[in-house]
Protein chains: 2
Amino acid sequence: MKEHIEVTIYDIADKLNLATSTISRALKDHHSISKKTIEKVKKTAKEMGYRPNNLAASLRSKKTKTIGVLLPTITQPFLSSLISGIEIAAQKAGYNVVIMQSHDSYEQEVILTQSLYNNRVSGIICSLAMETQNTSHFQLFMDNNTPLVFVDRVPKAFNTFRVVIDNYMAGYKATQHLISQGCTRIAHLTAGSEFSIYYERKKGYIDALKEANLPIEEELIIKLKAITYEEAENATNKLLDLKRPPDGMFAPGDILGVSAIQCAKKRGVKVPEELAVIGFNNDPISHIIDPNLSTITHPAEKMGQASAEIILKNLKSSKRDEVKEITFLNTEVLVRESSKRN
Amino acid sequence: MKEHIEVTIYDIADKLNLATSTISRALKDHHSISKKTIEKVKKTAKEMGYRPNNLAASLRSKKTKTIGVLLPTITQPFLSSLISGIEIAAQKAGYNVVIMQSHDSYEQEVILTQSLYNNRVSGIICSLAMETQNTSHFQLFMDNNTPLVFVDRVPKAFNTFRVVIDNYMAGYKATQHLISQGCTRIAHLTAGSEFSIYYERKKGYIDALKEANLPIEEELIIKLKAITYEEAENATNKLLDLKRPPDGMFAPGDILGVSAIQCAKKRGVKVPEELAVIGFNNDPISHIIDPNLSTITHPAEKMGQASAEIILKNLKSSKRDEVKEITFLNTEVLVRESSKRN
DNA sequence: TTGTAGGCGTTATCAA
DNA sequence: TTGATAACGCCTACAA
């Protein structure tokens, strides 16, 4: 086994009879250093097996080149794509990505927020836990002038950057699409608090119905405890058991939409003829289910990339943006078999 | 906006008329500090809004409490579950997880390996890029005595920890299952080099056929350029166009199995009656496709957890394990509709 | 263009 | 049980 003594800029300075400051500058292509010196330093550094110590540099400069990412979970296709987008943008800029999962627990989120803070991340990207109502645990970053971007599940009233889709409009368009296919009794599954994205989607659903002069029927709106196949199956069964069952369903997540289709098929209810279904997210499962699930596209990777870029941009300009704008990304109705009626 | 001056152990020491070393120890519940002092210090620290600077601690102690994770991508269900397992184990131990994607590029992998090295990660977990043949870029960590765990896609000859499933046995069992269902012409899709997991699965497939005295037919084995729906569809079409088409297929990935089923259905070939299919991974899509895809379970989260725990364990004991054992996790044949014939 | 020197916030060693 | 002091490796005014 090789002996392993760390080579530092000190050692290089010694060898070349230069000052450490010169070495430090040369390695960073500082303009005040002559080309000859830069070359010499770099060559020697390589020969000696020097590797920069980011830790020391970070401590000194108070810049960590690390983006903290705090999400409910990373196994959902939408979220793993989001991370992928973040990672790609970060990698390009030489930044690291630290990932933490809140598992939708408010308590965990608070703890992990602290942890990211203690790690002096340069910026933080967060999608809120389902449980979270209060976001004061993020105030730390605000006070500290650390770029903070919320993505997808964002707080209502908090002056930070936000990268989102227009959930209201998406819900509206999804419902409108079902109406355009001739549905008149459209069911809807929902979840979470009045601060959640699901609430927005529901508002869009309701307004689309209103605009089409369709009644809002409470019995057609079911609130789920969680976004799971089981919950959606139970809800769908309940809906199909109604005296006047629905002829359409807007499921604000593909898991829910797929589950609804499976449930309908099991009961011999034909999709889309008797029940037209549209989901949300464009998860892989949506084009595996038979009939293929119509859905709303959700530009996960782009949202990740946009979030990371906002952070990087704010880190670059010495003075942070005072206006924390909201970035809206586009969604589209993806019409597939599960809702095509005419 | 609040002024933000960082509170350090210095400030606490000043306030309490104690030495910084005492503060440092007290905050860590060092046994040599009296209970009274510990309490006093902690209380004051809280009051003053102290937050530890992990950077400084890392620099001094040469321990970063960070696990580096280097994967081909994070959007595959198997890999995002793997990360989830790592993250959960790491979080429990107070470690951070830094994630990087090689996008199956050897060149990227080398660069990112360097980057993790420069960041002084405490340990590294890696699943190799599809392209990677040579793993000498990991030698750094070996020389440095940094725990290194390969997971799933592991190198053949490299004395490191490895967390894997028995791909040979899994391939063997999958094929055997099809044989038990009466299949006699079993097709197989494969990919990658002779060092890849797919090669092992293929060997299992071949040995199962041999053991059952079934011929190995070259025309039934198709090598794909990539693990995609398109590649699998093309291959399936080719297979079904044969004079004597197969009556079974072992697809070493659920994407491939699902694609095969879709292709067969499109052509009016009945699954499982005319073509029994078994996949690999137990991805979400496998139980959405109709008929449900039989598959091989792949304990992704457990593999992640096991990998992280190996690192943590080796970090704890001052002397590293010299024997880098291989950890085999169990897989099971999950029989679903796509292969059930009797 | 290069050098000097102090400090970033912590931990480790030795001494008291 | 506590304290004094020197690192850890780098960056950055300021000086030359």
[atom1] of [X] versus [atom2] of [N]: gap in Å, rounded?
X        : N      : atom1 : atom2 : result
B/Ile9   : D/dG3  : CD1   : C1'   : 13 Å
B/Asn119 : D/dG9  : CG    : C1'   : 15 Å
A/Asp29  : D/dC11 : CG    : P     : 13 Å
B/Leu18  : D/dT1  : CG    : P     : 14 Å
A/Arg51  : D/dC8  : CZ    : C1'   : 14 Å
B/Leu16  : D/dG3  : CG    : C1'   : 14 Å
A/Tyr10  : D/dA6  : OH    : C1'   : 13 Å

Query raised in the report: Can you pull the salt bridge (charged side-chain N to carboxylate O under 4.0 Å, His left out) pairs that have at least one residue in residues 87-101 of chain A, sequence neighbours excluded?
Result: none
Query raised in the report: Mind checking which nucleotides bracket the chain B contacts on DNA chain C, 5' to 3', with an atom under 4.0 Å from a heavy atom?
Result: C/dG9 to C/dC14
Query raised in the report: Does a side-chain heavy-atom distance below 4.5 Å link B/Phe141 with B/Thr113?
Result: yes
Just the atom pairs and distances: protein N or O near nucleotides 13-16 of chain D's N or O, under 3.5 Å.
unit_1, atom_1, unit_2, atom_2, d
D/dA13, N6, A/Arg25, NH2, 2.9

Report task. Mark yes or no for whether A/Ser58, through its side chain, and A/Lys63, through its backbone, hold a donor-acceptor pair below 3.5 Å. Result -> yes
For [X] against [Y], the heavy-atom pair lying closest together:
X       : Y        : result
B/Ser84 : A/Gln101 : OG-NE2, 3.0 Å
A/Leu82 : A/Val151 : CD1-CG2, 3.7 Å
B/Lys65 : B/Ser122 : N-OG, 3.0 Å

Query raised in the report: For the side chain of A/Tyr50, counting heavy atoms from C-beta on, which of D/dG9, D/dC11, D/dC10 is nearest?
Result: D/dC10
Query raised in the report: Sequence neighbours excluded, which residues qualify as side-chain contact (heavy atoms from CB on, under 4.5 Å) partners of B/Ala306?
Result: B/Val163
Query raised in the report: Among all residues two or more places apart in sequence or in another chain, which pass the side-chain contact (heavy atoms from CB on, under 4.5 Å) test with B/Ile326?
Result: B/Arg162, B/Val164, B/Phe328
Report task. Report, as yes or no, whether the 6.0 Å neighbourhood of atom CD on B/Glu107 holds more than 12 heavy atoms from other residues, nucleotides or ligands. Result -> no
Over all strands shown, is [X] touching base, sugar-phosphate only, or nothing at heavy-atom distances under 4.0 angstrom?
X       : result
A/Asp11 : nothing
A/His30 : nothing
B/Thr8  : sugar-phosphate

Query raised in the report: Under 3.5 Å, is there a donor-acceptor pair between the B/Thr75 and A/Ser80 side chains?
Result: no
Query raised in the report: Through what angle, rounded to 10 degrees, does the axis of the helix from C/dT1-D/dA16 to C/dA16-D/dT1 turn between its ends, using five pairs per end?
Result: 30°
Query - Nucleic acid contacts of residues 32-46 of chain A, taken as heavy-atom distances under 4.0 Å to DNA chain C - result: A/Ser32, A/Ile33, A/Ser34, A/Thr37
Report summary line: Within residues 52-61 of chain B, the residues having a heavy atom closer than 4.0 Å to DNA chain C are B/Pro52, B/Asn53, B/Ala56, B/Ala57, B/Arg60
**Report entry** Nearest-nucleotide comparison on DNA chain D, the residue closer to the 5′ end among B/Ala19 and B/Arg120
**Finding:** B/Ala19
**Report entry** Which residues share a side chain to side chain donor-acceptor pair (under 3.5 Å) with A/Thr132, sequence neighbours left out
**Finding:** A/Glu109
Query raised in the report: What pairs with A/Asn119 under side chain to side chain donor-acceptor pair (under 3.5 Å), at least two apart in sequence or on another chain?
Result: B/Asn54, B/Asn96
Solution key, residues 32-41 of chain B side-chain donor-acceptor pairs under 3.5 Å, sequence neighbours excluded:
unit_1, atom_1, unit_2, atom_2, d
B/Ser32, OG, B/His30, ND1, 3.0
B/Ser34, OG, B/Thr37, N, 3.2
B/Ser34, OG, B/Thr37, OG1, 2.7

Query - Residue pair A/Glu6, B/Arg120: steps toward the salt bridge (Lys or Arg N to Asp or Glu O under 4.0 Å) verdict - result: CA-CA 12 Å; A/Glu6 291 286 343; B/Arg120 269 60 175 182; 3.2 Å; yes
Query - Contact list for residues 11-23 of chain B, test side-chain hydrogen bond (donor to acceptor under 3.5 Å, both in side chains), sequence neighbours left out - result: none
Requested in this report: Can you spot which of A/Ile99, A/Ile125, A/Val121 makes a side chain to side chain contact (heavy atoms under 4.5 Å, CB included) with A/Ile67?
Outcome: A/Ile125
Query raised in the report: What's the spacing between A/Ser196 OG and A/Glu131 CD if we round to 0.5 Å?
Result: 13.5 Å
